[in-house]
2 protein chains.
Amino acid sequence: MNIHSSPSFRPLYDQIKILITQSLIAGEWRPGDAIPSEIDLAARFKVSQGTVRKAIDELAAENILIRRQGKGTFVASHSQERASTRFLRIARDDGVAEYPTSRLLSVTRERAPEASASLLDLRTGASIFCIKRLLSFEGVPRILDEIHVPAASFKGLDDAMIRNYPGSLYSFFESHFGIAMIRAEEHIKAVKAGPIEAELLHVPQDQPLLRVDRVAFTYGDRPVEWRRGLCHTERFSYVTEMS
Amino acid sequence: MNIHSSPSFRPLYDQIKILITQSLIAGEWRPGDAIPSEIDLAARFKVSQGTVRKAIDELAAENILIRRQGKGTFVASHSQERASTRFLRIARDDGVAEYPTSRLLSVTRERAPEASASLLDLRTGASIFCIKRLLSFEGVPRILDEIHVPAASFKGLDDAMIRNYPGSLYSFFESHFGIAMIRAEEHIKAVKAGPIEAELLHVPQDQPLLRVDRVAFTYGDRPVEWRRGLCHTERFSYVTEMS
DNA sequence: TAACATATAACTTATATAAGATATAACACA
DNA sequence: TGTGTTATATCTTATATAAGTTATATGTTA
């Protein structure tokens with residue numbers, strides 16, 4: 001009988017992964033920061049450089065860290081060029097890259113409905129912020145978003161803060177609330193446009209729309225955002241890959 | 001100036017990856033087979049075991065190989081339990097796992113239309129097989145598929161062969177034609193059901209449907225299948241994840 | 001003896017450490 | 001401006017141990 005027989009056995013590199021994740025949760029290193037070098041981390045955790053390397057390899061594969069040869073290893077941030085399209089899967093059919101512009105419709109404080117509350121691990125009725133916005137490509141409205149985040153994690157969020165922020169919403173969440181989105185699950189359906197959506201998206205009622213429901217997670221797989229996007233997919237598609 | 005400065009420089013493990021892929025293309029190891037052990041491959045390629053290991057690690061991360069501790073490393077196959085849902089992203093909203101049944105509608109030989117030909121690297125008008133089928137969950141039709149594959153790569157394919165085959169279509173392609181699908185790209189839109197789809201899917205005309213266009217690739221990133229699926233997403237969703 | 005259980009050996013991948021060479025980037029300094 | 005230094009990640013090899021799988025040998029028992 002040795003420690004490896006124990007049911008709670010985890011390889012060293014996995015324990016290092018957890019320790020690094022805990023430092024990310026604690027905010028010791030924030031998005032965009034460089035983390036210590038592999039050798040420094042090895043000394044700190046009392047393991048070999050190779051073991052730290054394997055832990056970082058996996059975190060880099062999950063897009064939580066980013067390695068740059070010669071420079072160091074950095075905490076992934078949504079305030080980076082490459083990140084702009086990381087969670088935006090709607091793209092032009094002709095392949096031309098284009099980033100949408102956002103028109104903020106409303107920011108309200110509400111009681112969480114059952115649907116989003118359960119997915120965010122909140123009690124139904126817990127306080128949330130509800131953000132509504134309209135994304136346009138080439139000035140043409142394409143996506144109507146409704147976004148729910150727990151008020152407790154986003155204290156002080158308001159309309160003006162978002163309106164004045166130049167970058168993406170996730171970049172905003174990072175810089176103002178220290179919450180980095182690292183993973184998301186989406187459920188997609190085809191639905192008919194109702195009267196409100198039809199008007200905002202400039203489409204006839206009953207127009208088929210993509211309904212994209214998302215739950216996004218931060219470090220430690222903690223769900224912190226629910227959103228529903230309604231997308232008019234004329235000349236645009238939701239693009240994904242599998243292997 | 002050394003070889004590492006050369007523009008064509010590739011790390012050793014990457015070259016090993018290519019060599020392994022070439023053996024897969026050549027059919028030296030077929031889906032389901034065990035490949036030689038890391039030590040044997042290291043001897044064969046005249047590199048260290050660690051380098052072979054890194055190459056296999058990456059191929060395993062791409063779901064091309066599968067490692068099984070104590071047993072060996074195997075070529076991924078669609079004729080495996082775990083593979084059944086690998087390329088099927090439509091799932092019940094309540095999360096209950098369920099595999100659809102298939103009704104084959106037709107298998108015809110046709111001239112490739114421009115759309116699928118260009119995506120499959122064929123001339124427009126090249127000979128293809130066109131497979132139409134209807135997938136049902138709990139006996140309820142949900143997905144209408146139209147599938148194009150190059151006739152040159154699927155010689156002798158016909159109606160009866162598919163009908164008599166017990167497993168999935170990709171499993172069938174593997175066992176009868178030695179073509180393994182390892183990756184796919186999908187473009188998704190919301191569209192209205194036309195008269196034909198409406199009847200087959202038991203929905204009213206103009207019902208919103210998910211239209212999922214796929215190109216699937218085999219070893220060496222060679223495109224070998226185009227398909228269009230029309231999905232009725234009542235109580236079902238297209239599920240995906242991102243990070 | 002035949003059937004079954006157990007121990008052992010030989011194989012596999014998985015984990016961990018160490019060491020040296022190379023590529024890339026930033027910076028100091030001539 | 002350019003050149004060398006330094007610090008970083010990257011690549012490659014080597015070695016050792018751990019752990020999972022399978023076949024075979026060796027018992028033990030009916």
Where the side chain of B:Ser48 is defined as all heavy atoms beyond and including C-beta, which of D:dT13, D:dT22, C:dT17 is the nearest nucleotide?
D:dT13
Output yes when A:Glu58 and A:Arg53 qualify as a salt bridge under the 4.0 Å nitrogen-oxygen rule, no when they do not.
no
Under 3.5 Å, is there a donor-acceptor pair linking the side chains of A:Glu186 and A:Tyr238?
yes
Rounded to whole angstrom units, what separation is found between the CG atom of B:Asp57 and the C1' atom of C:dA14?
10 Å
What integer distance in Å separates A:Leu12:CG from C:dA16:C1'?
7 Å
Without decimals, in angstroms, what is the distance between B:Leu41 CG and D:dT13 P?
14 Å
OP1, OP2 of D:dA9 versus side-chain N and O of A:Thr73: anything below 4.0 Å?
yes
With the side chain of A:Lys71 defined as its heavy atoms from C-beta on, choose the nearest nucleotide among D:dT8, D:dA18, C:dA25.
C:dA25
Starting at the 5' end of DNA chain C and moving along, which residue's nearest nucleotide shows up first, A:Gly70 or B:Ile56?
B:Ile56
Of the listed C:dT12, D:dT10, D:dT12, the closest approach to the A:Arg53 side chain comes from D:dT10
I need the CD-P distance between B:Gln69 and C:dT15, as an integer number of Å.
7 Å
As a test of understanding, state which of A:Glu225, A:Arg86, A:His78 forms a side-chain hydrogen bond (donor to acceptor under 3.5 Å, both in side chains) with A:Tyr170.
A:Glu225
Tell me the interatomic distance from A:Ile39, atom CD1, to D:dT6, atom P, rounded to whole angstroms.
15 Å
Whole-Å gap separating C1' (D:dT12) and NZ (A:Lys54):
17 Å
Do the side-chain N or O atoms of B:Thr51 get closer than 4.0 angstrom to the phosphate oxygens (OP1, OP2) of D:dT13?
yes
Taking the basic N atoms (NZ, or NE/NH1/NH2) and the acidic carboxylate oxygens, is any pair closer than 4.0 Å for A:Asp40 and A:Arg44?
no
Euclidean distance, atom CD of residue B:Gln49 to atom C1' of D:dT17 [Å, nearest integer]:
13 Å
Are OP1 or OP2 of D:dC11 and a side-chain N or O of B:Tyr13 less than 4.0 angstrom apart?
yes
In this structure, how many angstroms lie between the P atom of D:dT10 and the CD1 atom of A:Ile66, rounded?
12 Å
Counting only heavy atoms from other residues, nucleotides and ligands, does the tally under 6.0 Å from CZ of A:Arg103 exceed 12?
no
